[in-house]
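Below: the structure, in structure tokens.
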Amino acid sequence: LNRQDILDALTAPDARPLFRSAVQARRDALGDVVQVRAILELSSHCRSNCLYCGLRRDNTKLERYRLPPEDALETARRASAAGFGTVILQSGEDVREALGHIGHLVKAIRDSTPMSVTLSVGEWPREALATWRMLGADRYLLKFETSHDDIYRRLRPGRRLEDRLGYLRDLRALGYQVGSGNLVGLPGQTLGDVADDLLLMQDLDLDTWVIGPFRPHPDTPLADVRSLPVDRVKDARTQVLSLDLLDVVLRCVSISRLLSPRAHIPGTTALGALAPEGRLRALKVGANVLMQDVTPAAFRARYDIYPGRLVGDGDAWERFGAAARVAEEAGMTVQECPRAVEPRGTP
Ligand code: SF4
């Protein structure tokens, strides 16, 4: 698919042929099988100040926490016992966590469970990334959020898109399986920008493609996103914000599947927050991964990255069961994630 094909797919009056092709592509490449991954949120502290994120440094309303390391390990072990094949260790860019606990936790999980470990903890020096890889981290998730340089600079003060892409290249060179992706519905973003995001994901040859809807957080500068001036877009009809966001994201999921049939593509928790059946619908248009929050209940609601998060009830067993029911409703079966041991490069 070229850029025009993608734009045509994003704007076709009837999306059903696109959705059908994507499901067929997934079936041919991977079968109708869902991987269920556990998310464990280690810390809501962040040194960064991204305008779209509830964890941003300047959000003084947030009650921050750090998960005690022994609780994190115990929760990971319970997730493994419940059937999860992968745990995603997620955190704001918390210097104390990065310097102290992450490496130990990765090693302890790898030593005591058969799970793969994915890190989603932000931008850190290559030496830290290499150490975590050496200690057993298999995958790294680092979304670029937008391929549009101006939007990126505006929304991530002090950060540069080219640096982000450099981190993604480093991660690949260190032997990680790499996940990345975008936010759909950012202020000023057009369908052309979204098409460019998808082409960048293809260019990066990602193992996991993450397409998330932008959800304005009330305690951020983007709270009232629709009232923001959108200076770079002359024609309001091309703005993603003026469209049905769920529909655009579902089309992106399908297009992603066609661009990379063997990729792991989640029906994100943010999509579940956007629409009650968002994740189910993602599976029905080509996604193959569900992520379930297993963070201990006392902390789960405090990782307030965007509003209406799908935190769910219960412990790891209940969370795994809930995902299995969504998969079943989509006519798919759940597979424990195979351990990601095949490096893509040389550490
Ligand atoms: S998006 Fe990540 S780096 Fe940016 S403020 Fe949120 S947690 Fe921090």
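Counting starts at 1 for both ligands and their atoms, in listed order. All residue numbers in this chain count up from 1 along the given sequence.
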| request: State, without any angle test, whether Thr269 and Tyr306 hold a side-chain donor-acceptor pair at a distance under 3.5 Å. | output: yes

| query | Would a 4.0 Å cut-off, counted as strictly less than, catch a protein heavy atom around atom 2 (Fe) of ligand 1? | reply | no

| query | Any side-chain donor paired with an acceptor under 3.5 Å for Asp304 and His217? | reply | yes

| Proximal ligand 1 atoms for Arg156, defined as those under 4.0 Å from one of its heavy atoms | 3 (S)

| request: Rounded to the nearest 0.5 Å, what's the gap from CG on Leu30 to CD on Gln35? Could you check? | output: 8.5 Å

| remark: Heavy-atom proximity to atom 7 (S) of ligand 1 ranks first, among Gly92, Ser48, Ser43, for Gly92

| Under 4.0 Å to a heavy atom of Cys53 - the qualifying atoms of ligand 1, by number | 1 (S), 5 (S), 6 (Fe), 7 (S)

| said: With ring pair (Phe, Tyr, Trp, His ring centres under 6.0 Å) as the criterion, how do Tyr52 and Phe214 come out once you've worked through the C-alpha distance, each side chain's angles and the decisive distance to 0.1 Å? | reply: CA-CA 8 Å; Tyr52 49 80; Phe214 168 59; 7.0 Å; no

| query | Name the one of Arg47, Arg160, Arg164, Lys143 that satisfies salt bridge (charged side-chain N to carboxylate O under 4.0 Å, His left out) with Glu123? | reply | Arg164

| field | Location of contacts on Arg57 toward ligand 1, heavy atoms closer than 4.0 Å | value | neither

| field | atom 8 (Fe) of ligand 1 [closest protein heavy-atom partner, distance rounded to 0.1 Å] | value | Cys46 SG, 2.2 Å

| query | Do Phe144 and Asp197 come close enough that some side-chain heavy atom pair is under 4.5 Å? | reply | yes

| Nearest protein heavy-atom contact for atom 4 (Fe) of ligand 1: which residue, which atom, what distance? | Cys50 SG, 2.3 Å

| said: Only heavy atoms of Arg56, strictly under 4.0 Å: list the atoms of ligand 1 that pass. | reply: 5 (S)

